[in-house]
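Computed over heavy atoms, backbone and side chain alike; hydrogens, waters and symmetry mates excluded.
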Amino acid sequence: MIRRLDHIAIAVPDLDAAIRRFAEDIGLELQGIEDVADQKTTTAFLPAGETQIELIHPMDGQGPVQAYLDKRGGGLHHLCFETDDIDADVKRLKDKGYRFISDAPRPGAHGTRVIFIHPKSCGGVLIELAEYSK
């Protein structure tokens with residue numbers, strides 16, 4: 001079951017400049033930075049209440065975030081909802097006709113299992129589902 005909005009991900013071409021903007025200028029606290037090898041990204045985490053802003057930057061100029069930046073430039077990349085049972089939610093949504101980017105959940109940041117719903121199934125918005133380890 002979907003529990004809450006976990007994070008808003010923003011694709012950034014310059015991670016250091018984006019961190020300065022959100023931390024120093026806007027005043028959010030930088031909680032940490034993590035490489036997510038499976039997604040080929042380096043991600044900075046800045047909590048805003050119970051939701052985080054995630055600044056995502058391609059590792060070594062590769063991967064889907066680099067393709068996104070090449071096509072669209074920086075900006076809102078996806079919304080992520082926390083689920084307490086990702087397998088059940090994927091099945092429920094597939095039964096309703098939703099398409100996913102991958103066949104099954106994969107490793108994500110903070111030890112999560114994640115899967116992305118194709119934007120064509122969500123009115124043009126890329127949606128991520130994330131389940132935290134229990």
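The distance from the CD1 atom of Ile2 to the CG atom of Leu93 is 6.5 Å, given to the nearest 0.5 Å. Note that CG of Asp89 and CG of Leu129 are 6.0 Å apart. Values are rounded to the nearest 0.5 Å. Note that the CD1 atom of Ile10 and the CG atom of Leu55 stand 6.0 Å from one another [nearest 0.5 Å].
With sequence neighbours left out, Pro107 forms a side-chain contact (heavy atoms from CB on, under 4.5 Å) with Asp38. Annotation: side-chain contact (heavy atoms from CB on, under 4.5 Å) contacts of Ser102 (sequence neighbours excluded): Arg106, Ile115. With sequence neighbours left out, the ring pair (Phe, Tyr, Trp, His ring centres under 6.0 Å) criterion links Tyr68 to His77. Residues passing the salt bridge (Lys or Arg N to Asp or Glu O under 4.0 Å) test with Asp85: none are found, sequence neighbours excluded. With sequence neighbours left out, the side-chain contact (heavy atoms from CB on, under 4.5 Å) criterion links His7 to Ala9, Gln52, Glu54, His78, Cys80, Glu128. Under the salt bridge (Lys or Arg N to Asp or Glu O under 4.0 Å) criterion, Asp95 pairs with Lys91, not counting sequence neighbours. The salt bridge (Lys or Arg N to Asp or Glu O under 4.0 Å) check on Arg99 picks up nothing, with sequence neighbours excluded.
Residue Phe45 qualifies as enclosed at atom CZ: its count of foreign heavy atoms under 6.0 Å is above 12.
Counting only residues at least two apart or in different chains, side-chain hydrogen bond (donor to acceptor under 3.5 Å, both in side chains) contacts with residues 17-27 are absent. Annotation: salt bridge (charged side-chain N to carboxylate O under 4.0 Å, His left out) contacts involving residues 63-84, sequence neighbours excluded, comprise Arg3-Glu82, Arg4-Glu82. Each salt bridge (charged side-chain N to carboxylate O under 4.0 Å, His left out) pair with one or both residues in residues 109-121, not counting sequence neighbours, appears once here: Asp87-Arg113, Arg113-Glu131.
Side chain of Thr112 to main chain of Ala130: no donor-acceptor pair is present (N/O by atom type, distance under 3.5 Å, no hydrogens or angles).
No continuous path of ILVMFWY side-chain contacts below 4.5 Å connects Ile86 to Phe116, so the two sit in separate hydrophobic clusters. Put simply, Phe22 and Ile8 are part of the same group of oily side chains (I, L, V, M, F, W, Y) that touch within less than 4.5 Å, one to the next. Both Tyr98 and Val90 are part of a single hydrophobic cluster, where members link through side-chain heavy atoms under 4.5 Å apart.
Nearest heavy-atom pair across Ala44 and Leu15 is CB-CD1, 4.1 Å. The minimum heavy-atom distance linking Pro13 with Gly74 is given by the pair CD-CA, 4.2 Å.
In this structure the side chain of Phe100 never reaches within 4.5 angstrom of the side chain of Ser121, judged on heavy atoms. Within the 4.5 Å cutoff, the side chain of Phe81 has heavy atoms near those of the Leu5 side chain. The shortest side-chain heavy-atom distance between Val125 and Ile117 does not fall under the 4.5 Å cut-off.
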Please tabulate, for the side chains in residues 28-37, all donor-acceptor contacts under 3.5 angstrom to protein atoms that are two or more places apart in sequence or on a different chain.
residue, atom, partner, partner atom, Å
Glu34, OE1, His110, N, 3.4
Glu34, OE2, His110, N, 3.3
Asp35, OD1, Thr42, OG1, 2.7

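Applying the 4.5 Å side-chain rule to ILVMFWY residues, one finds Ile56, Val65 in the same cluster as Leu69.
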